[in-house]
Amino acid sequence: MLSTLIREKANEGLKELYDVIFSEKEFQVNPTKPEFTGNYTIVLFSLIKTLKNSPDQLGNALGGYLLEKHPTLFIDYNIIKGFLNLTINNELLIEMLNKHHQDPCFGKAPLNGKKIMVEYSSPNTNKPLHLGHLRNNFLGRSIAKILEASGYEVIKTCIVNDRGIHICKSMIAWIKYANGATPESTGMKGDHFVGEYYVKFNDAYKIEIEQLINEGKDKATAEKEAPIMLEAQQMLVDWEKGVPSVIELWRNMNQWVYQGFEVTYKRIGSDFAKTYYESETYLLGKDIIELGLDKHVFNKKADGSIWIDLTDEGLDEKLVLRKDGTSVYITQDIGLAQRKYEEFKMDKSIYVIGDEQNYHMKVLQLICKKLGLPNADDIHHLSYGMVELPTGKMKSREGTVVDADDLIDEMVSIAREHTENLGKVKDFSPEELVALYDMIGLGALKYFLLRVDPKKKMIFNPEESIDFHGSTGPFIQYTHARIKSVLRKSSIDKDFKEYKTALLDPEKELLLLSEQFETVLLQSAESLDPSTLATYLFQLAQSFNSFYAALSIASAESEEKKQLRLKISSMVATVLCSGMDLLGISVPEKM
RNA sequence: GGUCCCGUAGCUCAGUUGGAUAGAGCGGCAGCCUUCUAAGCUGUAGGCCAUUGGUUCGAAUCCAAUCGGGAUCACCA
């Protein structure tokens, strides 16, 4: 990594010249702004203070030192207003080019022996996945890939919320309105089928509430006393008791949902090493509560309910066990956190969960710490913002939820339309076409959701839909296909390794950018943020397209230039391909 | 009310461990396909970085206050 290397060498120089060692924070190495000559810039201001030197004096001393001591690294420097601009020796870049232009492992780190768990997706089994779930799935999958490429062993897990009042609602509605219909009998995808009954429940519930209000009850009582809600609650009790007919229906309906989910997961590329089911884990954590009572982490109130007081931490009191001894959400989570650690002994546990649960996750970690669980400090909440519509939040009650399957179908169909209009893939077989449309449609969707900083909420405008031009997945895919097309027509001569002619700006820019892949990957991994990588890949593709427009590759001015540019193109294609793969996006050879 | 997050071009977003004249894409306008894929490229217009103070050589970035938006604080999950 050049920027790190430069920092190291500069630090050595400062030590030799002034006998002072600076920490990482105290000086910066940045890529030089395009309007100045040079490739990397050391900011001198912070150093001047300690060294009591003028910028020019210091810059010349350090620049001269670096040039003399590391001629393979630098070939020139200049100083402008306290910025020391360094020009990188082309030979260094050429060496990288020769070595890595076809290397799929370029920029990736070897195994580091550490284990990270990434929990993501985590759906409810009462309705199909929607746009929000897609952000979660894409983020989780991409982070897992980025961490793998950074040397970690990654365990992908999923917790399925397969029990509770929500699924009972779908079940009640099915009994009342389905007349024995099934996904098979209706030809519907299982998760959509079950979701429809969830909607039917809410419709019926709404009507009952209105009736009760008309009969003179207030809203809160009406909501509590609506018969269909009471039935759902009774069903939950029966489920916990294990009433066979309820369990059987529950199994069936969940099975339908899983069959539906599987299709979607397969399509978007989500997979898990281990799936936990809440029905199997919801009792975990109860015994830890006992332990916590002994340790005085928790306290029991007069009615028998058990609480933790987090007011010293600026939070509130939190219930961890109901007075009837049943557990609440957080109880299960404590139990599951412990279970996961027992099973996998991971060094770090990442939870990909929306920011609406920031408070919950804070409390969870705090409780785990107070209980002294061994993995408490290694719990990390990868919190992401909600996906909103221009009209505000998606609301299932108002029918404004963007369904995941529908959206994917729409994106794929737009991809097909675009491709057909352009007419560039007439030689594709029908199967190849289907694969290509999927690749482009999903590429557009994934890139759209991943290019934004995870922690920020984002707006999705279904009217304008997702573009295929500019900062998009298809743009990068297109750039890759374009390079591949060039490389099909002229082949790289492996023996060509020396390039005497000076590098032109667009050539050098691509080499410098490609070189930064490793740094960007590292940053993405450290900040658990695929958007950094997504932005970088766009920038690289954009630079390549400018290069492509400005310079001829196949009919370059000399064989040397032709070979150089072919290799640069190959280098860029390699980085685009592995970078996009880390976002969970495939790139085509042709499009 | 307590806690936390956000506010950058008409729109969607980068840039936030403090660094040079704040950048992209979309949309607008003007151009570029008889040679490697125009899903592309080039140029141009568009900004009080919510507001006001502070910290310093230097602030979109750090601190404080204010205004605006959101999340959360359930014996729900």
Side-chain angles (χ1 to χ4, degrees), chain A residues 24-25 28 30 32-33 35-36 41 43-46 48-49 55 80-83 85 124 161 163-166 278 282 301 303-307 313-324 326-330 332-333 354-360 362-363 383 385-386 388 390 392-393 415 418-419 421-422 424-425 440 444 448 451-453 455-461 464 467-472 474-479 481-490 531-532 534-535 538-539 541-542 544-556 562 565-566 569 590-591:
Chain A
E24 289 242 342
K25 273 193 174 173
Q28 300 174 24
N30 304 324
T32 302
K33 299 226 168 203
E35 55 268 37
F36 302 97
T41 297
V43 185
L44 300 172
F45 299 106
S46 51
I48 294 164
K49 238 186 201 168
I80 300 172
K81 295 199 297 180
F83 295 91
N85 301 319
N124 289 350
N161 301 312
R163 55 134 239 143
I165 192 73
H166 54 280
E278 197 189 300
Y282 80 106
K301 294 212 168 168
D303 65 359
S305 58
I306 298 177
W307 297 72
E313 275 79 13
L315 306 176
D316 306 279
E317 271 194 301
K318 184 92 185 166
L319 176 89
V320 293
L321 209 61
R322 295 191 186 103
K323 65 182 172 208
D324 63 5
T326 56
S327 53
V328 289
Y329 190 37
I330 197 116
Q332 308 170 30
D333 277 346
D355 63 8
E356 54 196 356
Q357 294 197 34
N358 283 354
Y359 179 77
H360 175 81
K362 213 170 173 180
V363 170
S383 163
M386 298 289 104
E388 293 179 7
K393 278 193 87 172
H418 267 265
T419 311
N421 287 341
L422 291 169
K424 292 181 185 174
V425 288
I440 298 173
F448 182 85
R451 61 178 271 254
V452 180
D453 183 343
K455 66 173 182 290
K456 292 194 177 173
K457 72 173 181 202
M458 61 184 297
I459 294 174
F460 173 77
N461 189 340
E464 293 170 12
D467 213 323
F468 282 45
H469 306 271
S471 177
T472 66
F475 172 91
I476 299 170
Q477 291 173 317
Y478 170 76
T479 307
R482 209 179 199 191
I483 295 173
K484 287 298 176 163
S485 170
V486 173
L487 293 176
R488 269 192 300 275
K489 288 178 179 161
S490 334
S531 75
T532 315
T535 306
F538 171 66
Q539 200 191 340
Q542 205 180 29
F544 178 83
N545 282 318
S546 299
F547 160 91
Y548 181 90
L551 302 170
S552 184
I553 302 168
S555 10
K562 177 179 169 183
R565 287 175 198 163
L566 282 171
S569 304
K590 255 175 111 169
M591 70 184 268

Could you check whether [X] gets within reach of a base, just the sugar-phosphate, or nothing at all, counting any heavy atom under 4.0 Å?
X: A/Q542; result: sugar-phosphate
X: A/I459; result: sugar-phosphate
X: A/T419; result: base
X: A/N358; result: nothing
X: A/I440; result: base
X: A/Q539; result: nothing

Return no unless some side-chain N or O of [X] is found under 4.0 Å from OP1 or OP2 of [N].
X: A/R451; N: B/U12; value: no
X: A/S471; N: B/G25; value: no
X: A/K456; N: B/G7; value: yes

Tell whether A/S485 reaches the base of B/C36 with its side chain through a donor-acceptor pair below 3.5 angstrom.
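No pair found.
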
Would the base of B/A20 count as contacting A/N30 through its side chain, where contact means a donor and an acceptor less than 3.5 Å apart?
no

Hunt down the Watson-Crick or G-U wobble partner of B/C4, both distances under 3.5 Å, from any strand shown, or write none.
B/G70

For B/A24, is there a stacking contact with A/F538, counting only centres under 5.5 Å and planes under 30°?
no

B/C33, syn or anti by chi within 90 degrees of zero
syn

